[in-house]
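First comes the structure, then the notes that go with it.
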Amino acid sequence: MEKLTKQLSIAAEKLSQAKQIVVLTGAGISAESGIPTFRDAQVGLWEKYDPAELASPTGFLNNPKLVWDWYEYRRDIVRKNSPNPAHYALAEMQNFLNLAVVTQNVDAYHSQAGSKKVLELHGRIMENRCFKEGKLLNDIELDYSSIPPRCSCGSFARPGVVWFGESLPSDTLEQAFSLARNCDVCLVIGTAGVVQPAASIPVYAKNSKAFLIEVNNQESALTYLMDVFLEGKAGEIVPKLMELIKSKNS
Ligand code: BV8
């Protein structure tokens with residue numbers, strides 16, 4: 001416990017002194033909200049499916065109804081749950097620090113918790129787009145006479161997320177890389193650090209001489225880059241960081 005206390009103090013000091021902070025979050029920050037992470041084994045009906053297969057254009061075209069139902073199942077979990085203390089502490093940090101959140105998550109919990117500057121690299125699971133035209137669709141525009149529902153153009157509706165094998169929104173990605181290159185502290189919370197290009201963001205920060213801090217309940221593919229590794233649950237560690245930062249600002 002002693003080591004963690006010391007590491008927390010160093011991390012809070014670095015964050016408090018930082019001119020520009022980039023926070024990269026992954027599924028782990030929403031785990032304590034009850035949102036299964038990608039690493040968690042799929043359960044029930046979905047046990048035999050590989051998420052990376054379902055979350056892809058080919059997966060969708062091979063079995064549109066199966067993939068649509070998988071997203072409806074996940075949307076229901078997001079609807080029934082809510083941001084946790086880690087999301088709220090991160091939102092509160094923006095009252096004291098120049099901090100931008102870059103998230104891989106599609107649950108929109110950062111915005112819901114009050115974070116202002118949020119770059120959503122992989123879109124939003126609660127939104128729908130036309131599979132053919134890519135345009136955002138609101139619910140009244142969808143023809144639900146079959147599943148997946150269809151856009152007025154006749155093409156399938158699809159969830160408003162970035163699938164494996166699809167490019168990320170270029171402007172959002174460019175902004176994220178630019179923030180990483182210009183930050184002096186990069187805080188990485190709850191990601192395995194495997195999915196690209198998101199996992200390169202801390203690398204860009206490191207190459208720009210930033211101080212790197214990781215919050216995870218186990219080591220990740222990015223831990224080797226870190227100056228400080230805070231081992232534990234995001235819902236416990238991030239509020240502790242916030243309290244230390246607040247005490248330095250009082
Ligand atoms: C692209 C939306 C160009 C969908 C998602 C370079 C090298 C190798 C491969 C590639 C590469 N470039 C591109 C690829 C292919 C691919 C990729 O990265 N594959 C991986 C598997 C190797 N990338 C892409 O396809 C990307 N597109 O690059 O475009 C292109 C174009 C054409 C052809 C090729 C390339 C698009 C990637 C986006 C995919 N969409 N989400 C949906 O949600 O349905 S990704 C999805 O998985 C999530 O959004 C998230 O990003 C990712 C899961 O990662 P994590 O967030 O890290 O979550 P994970 O479950 O893995 O880990 C949880 C972590 O939390 C763990 O570390 C755990 O210890 C920790 N944790 C758990 N509980 C807690 C906790 N920590 C703290 N507290 C807790 N309580």
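In this chain, residues are counted from 1 in sequence order. Just the heavy atoms: all of them, side chains too, but no hydrogens, waters or symmetry mates, feed the values below. Remember, it's 1-based here, ligands and their atoms both numbered in the order they're listed.
Taking all heavy atoms of Lys233, Gln196, Glu231, Gln218 into account, the minimum distance to atom 24 (C) of ligand 1 is reached by Gln196. One option in Gly165, Ala199, Ala198 has a heavy atom closer to atom 30 (C) of ligand 1 than any other, and that option is Gly165. Counting heavy atoms only, Tyr71 comes closest to atom 42 (C) of ligand 1 of the residues Trp70, Trp163, Tyr71.
Of all atoms in ligand 1, listed by their number and element, those nearer than 4.0 Å to a heavy atom of Gly26 are 56 (O). For ligand 1, the atoms closer than 4.0 angstrom to any heavy atom of Arg74 are 42 (C), 43 (O), 44 (O). Heavy-atom proximity to Glu166, at under 4.0 Å, picks out these atoms of ligand 1: 1 (C), 26 (C), 27 (N), 29 (O), 36 (C). Set against the non-hydrogen atoms of Val195, the atoms of ligand 1 under 4.0 Å away are 18 (O), 37 (C), 47 (O), 52 (C).
Residue-ligand proximity: Ile29 is placed with every non-hydrogen atom at 4.0 Å or more from ligand 1. At least one heavy atom of Ser167 lies less than 4.0 angstrom from ligand 1. At least one heavy atom of Pro197 lies less than 4.0 angstrom from ligand 1.
Taking a distance limit of 4.0 Å, we find that atom 6 (C) of ligand 1 is approached by some protein heavy atom. Within 4.0 Å of atom 15 (C) of ligand 1, not a single protein heavy atom is present. Within a 4.0 Å radius of atom 38 (C) of ligand 1, the protein contributes at least one heavy atom.
Atom NZ of Lys233 sits in a sparse spot, with 12 or fewer heavy atoms from other residues, nucleotides or ligands closer than 6.0 Å.
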Output a table of donor-acceptor pairs, distance under 3.5 Å, between side-chain atoms of residues 173-182 and any protein atom two or more places apart or on a different chain; print 'none' if there are none.
unit_1, atom_1, unit_2, atom_2, d
Asn182, ND2, Ser178, O, 2.6

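Where the criterion is an N or O separation shorter than 3.5 Å, residue side chain and backbone included, Ala55 fails it with respect to ligand 1. The shortest N or O to N or O distance between Val106 and ligand 1 is not below 3.5 Å.
At a 4.0 Å heavy-atom cut-off, ligand 1 touches Ala234 through backbone and side chain alike. Counting heavy atoms under 4.0 Å from ligand 1, residue Ala192 touches it through both backbone and side chain. Of the heavy atoms in Glu32, only side-chain atoms (C-beta onward) come closer than 4.0 Å to ligand 1.
Partners of Arg124 by salt bridge (Lys or Arg N to Asp or Glu O under 4.0 Å), not counting sequence neighbours, listed by chain and number: Glu120.
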